[in-house]
Amino acid sequence: MNLYRSHNCGELNLNHINKDVYISGWVNKKRDHGGLLFIDLRDEYGITQCVVNSDNSKFKILESLKLESVIKISGKVIRRSDDTINKSLPTGEIEVLSRNIEILSESEQIPFQVAVDDDSPEDLRLKYRYLDLRREKNHKNIILRSKIINSIRQKMINRGFLEIQTPILTASSPEGARDFLVPSRLHKGKFYALPQAPQIFKQLLMIANFDKYFQIAPCFRDEDARADRSPGEFYQLDFEMAFVEQNDIFQTIEPVLFEIFSENSKCSVSKPPFKIIKYKDSISLYGTDKPDLRNPLIINDATKSFIKSGFKIFEENIEKGFVVKAIKTPGSSSKPRGWFDKLNNWARNEGQKGLGYIIFENNEFKGPIANNLKEENLRTLKDLLDLENGDSIFFICDEENNASKFASIARTKLCNELGLLEKNIFKFCWIVDFPMFELDPQTKKIDFSHNPFSMPQGGMDSLVNKDPLEILAWQFDIVCNGVELSSGAIRNHKLDIMIKAFEIAGYSKDDLRDRFGSLSEAFKFGAPPHGGSAPGIDRILMLIAEEENLREVVAFPMNQQAEDLMMRSPNFVSSNSLDELGIDLKPEKKKKLT
RNA sequence: GGGGGUGUAGUUCAGUUGGUUAGAACGCCUGCCUGUCACGCAGGAGGCCGCGAGUUCGAGUCUCGUCACUCCCGCCA
């Protein structure tokens, strides 16, 4: 017998009629009729209406009791009369006729309403996160998170993966992001770093003959936040497999993602095998390496149709080396002139040169650009884009990189304007064949474009014989509805290839040893070919919960300034603590303290 | 580090070309009410209009600065 409840607040129904029960929970709402008081009692499982008559000894106290107080009510389950049934509650056919009532914990006035989902300011919600998390939607998101993480574990374990923990206090690594540093007391002046990802550890686990590893891994990066990027910490489904090629990884993780999404959402989900798109093709078709495939529009290169076309502005720009990107929008020719002009203005407001257009209707080309174009150019355009009556085409003429970037934004804008985005579906794709190296536009130096752990396609032969900028890596991203869920790769497990790759990127053997000493040392003692990936848990949740912001799927998130308003972190520490660590603050920082 | 947006009651918001005592809804308090479930009715309290300068006879409103939150760029192998 539990002291506090015989049943929870979500389970009582007609089967319990006339039973004596006792339930505990929060006072969600009260409706006071003077001679009779309704209390909606809430716990995690649901809401049960309790009736208190005015002859009850606690009646007066309950009338003045604040919402969100925690009480225990015992009484009899009774059937509601037909006209008082509440169909929106699972417990709506019954109510508890209250006898004894015990106040377990009285609440003060709450800073925002819990029972009503108002848009209270986020900093207030974060400061009182435990109240915020009582609200139905937020509560459900955290329950969903728990369910999904559990389900991921089961699915990975069932596929033969071992869950292995890796250190949180580790060494600063020379990876891309800023490290969080933790000062060492025993070694004054030295610092631990929190892992940006368990990258090196998981590769070392492969070398240690753990065939399939995974972990729901916390990752720490000291970078600025975005709506889809938590400041400080986030979680990845980190996994790695030995003796595999790229396709083995795809085949392993695709069903996991498919099942996670389809089991937890009403939307339909791409069935494995997922579409595979080469990086280069993604850039030319979508202008981005994380395309949203729910958007049916694609980008074409129409530069050729504008060479010596009679349309002066584009002609001259092409001679400067610019390109022309074209987006065909079916069924848009009937839009009024103002719609096209509005889009052109939008482009200019985005800091672009403009968004030209041609309308194709009744086998005729219309619009200001069409009037300037020669007949044969219009014909090549028609063939290139496979134009049909009712289509219109939008043009962006700019230097390649910018044209591509803006075409991507315009593609999204046009899709939204025309309401073309496919609804209630998760569309996955792999982006593969990323370039191994890229040219830093500032320094004109060659550097790793994604990550230095990836195996170059063609191995040593490519590194020796190919133009570095032509070399592709066994590197892949998984993208869902325009969100990059993860990066992965077949890793470079051969020391000589790694030395050569680093040399191309301008790093010496010593640099390699300094930066990745543990790994390059381990490669000397027999390393299996291996690869893996690390889908972001928070982003998966965001997609499934259909939230625009990561904070909505994290129990205790920090704000954009990387502060925890509830715990008041980060914060100053005592001078004793600093002394113990051998740390002295700079004078100007000290000043701010006082 | 840079750019945009927001800031008025506990909360969500309105507030006209600068012009009486700054409003509404929800919440809160008091009273009434035995069938509500967004309970109802009557009354009431609650405001450094983010903060600080400035312009003006007069500033919630205009200008400048500053702070907070948020979104974006940079950054995120």
Side-chain angles (χ1 to χ4, degrees), chain A residues 28-42 47-56 59 63-64 66-68 78 80-89 91-93 95 97 108-128 131 173-179 195-197 199-200 219-232 234 349-351 405 409 434 436-438 442 447-454 473 475 484 487-489 491-492 501-502 505 507 515-516 534 536 548-551 558-561 563 565:
Chain A
N28 192 57
K29 278 247 165 153
K30 288 190 300 183
R31 290 173 295 281
D32 188 352
H33 289 245
L36 159 94
L37 175 64
F38 294 103
I39 292 179
D40 291 340
L41 201 64
R42 182 195 72 234
I47 290 177
T48 300
Q49 173 167 284
C50 305
V51 193
V52 188
N53 280 314
S54 54
D55 54 12
N56 192 298
F59 187 82
E63 271 191 311
S64 62
K66 296 250 190 298
L67 297 181
E68 295 305 314
I78 54 174
R80 295 202 201 181
S81 64
D82 288 350
D83 56 327
T84 60
I85 286 172
N86 184 348
K87 287 196 178 114
S88 60
L89 283 181
T91 60
E93 289 185 282
E95 61 195 1
L97 183 58
E108 286 184 13
Q109 180 57 41
I110 43 180
F112 51 80
Q113 296 181 69
V114 170
V116 179
D117 198 359
D118 60 358
D119 277 330
S120 33
E122 207 174 7
D123 43 348
L124 198 66
R125 290 176 46 203
L126 291 179
K127 185 175 172 194
Y128 300 98
L131 293 181
S173 71
E175 290 155 356
R178 230 170 271 124
D179 283 315
Q196 296 182 22
Q199 179 70 34
I200 291 175
C219 303
F220 305 90
R221 294 178 194 175
D222 187 5
E223 295 295 348
D224 289 346
R226 290 286 183 279
D228 64 349
R229 208 167 79 200
S230 303
F234 59 95
N349 282 336
E350 293 280 302
K405 261 186 207 158
I409 296 169
F434 279 83
M436 182 81 191
F437 301 101
E438 67 185 5
Q442 309 256 296
D447 204 350
F448 293 109
S449 73
H450 232 82
N451 95 42
F453 305 105
S454 306
Q475 166 92 39
E484 182 190 318
S487 265
R491 320 294 175 187
N492 187 345
F502 271 72
Y507 302 103
R515 295 174 58 156
F516 304 110
E548 295 292 319
N549 196 300
L550 255 167
R551 289 186 289 270
M558 296 200 278
N559 69 5
Q560 198 180 37
Q561 275 67 246
E563 296 164 307
L565 298 173

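So you know, we letter chains A, B, ... as the sequences are listed, proteins then strands, and number each from 1. For clarity, every value in this text was computed on a predicted model and none was experimentally measured.
- When the C1' atom is compared between B:C73 and B:A38, the two are found 43 Å apart, to the nearest whole Å.
- Counting to the nearest Å, the P atom of B:G31 and the CD atom of A:Glu63 are 9 Å from each other.
- A donor and an acceptor atom never sit less than 3.5 Å apart when one is taken from the side chain of A:Asp123 and the other from the base of B:C69.
- Donor-acceptor pairing under 3.5 Å, judged by distance alone, is present between the side chain of A:Arg229 and the base of B:C76.
- Contact annotation: A:Lys30 side-chain N/O to B:C39 OP1/OP2 distance is not under 4.0 Å.
- Counting to the nearest Å, the C1' atom of B:C37 and the CG atom of A:Asn28 are 11 Å from each other.
- Scanning atom types as modelled, no donor and acceptor separated by under 3.5 angstrom connect the side chain of A:Glu223 and the base of B:G74.
- Residue side chain A:Asp224 reaches the base of B:G74 through a donor-acceptor N/O pair under 3.5 Å, judged by distance alone.
- Under 3.5 Å, the side chains of A:Arg551 and A:Gln560 contain no donor-acceptor pair of N or O atoms.
- Using modelled atom types, no side-chain atom of A:Ser454 and backbone atom of A:Ala473 make a donor-acceptor pair closer than 3.5 Å.
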*Take A:Phe453 and A:Phe516 through the ring pair (Phe, Tyr, Trp, His ring centres under 6.0 Å) test and state the conclusion after the steps.*
CA-CA 10 Å; A:Phe453 305 105; A:Phe516 304 110; 5.1 Å; yes
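- No donor-acceptor contact under 3.5 Å links the side chain of A:Arg31 to the base of B:C33.
- Counting any heavy atom pair closer than 4.0 Å across all strands shown, A:Thr84 reaches a base atom.
- Side-chain contact check for A:Ser449 and A:Glu438: no donor-acceptor pair (N or O, by modelled atom type) lies under 3.5 Å.
- The nearest whole Å value for the distance from the CG atom in A:Leu131 to the P atom in B:G27 is 17 Å.
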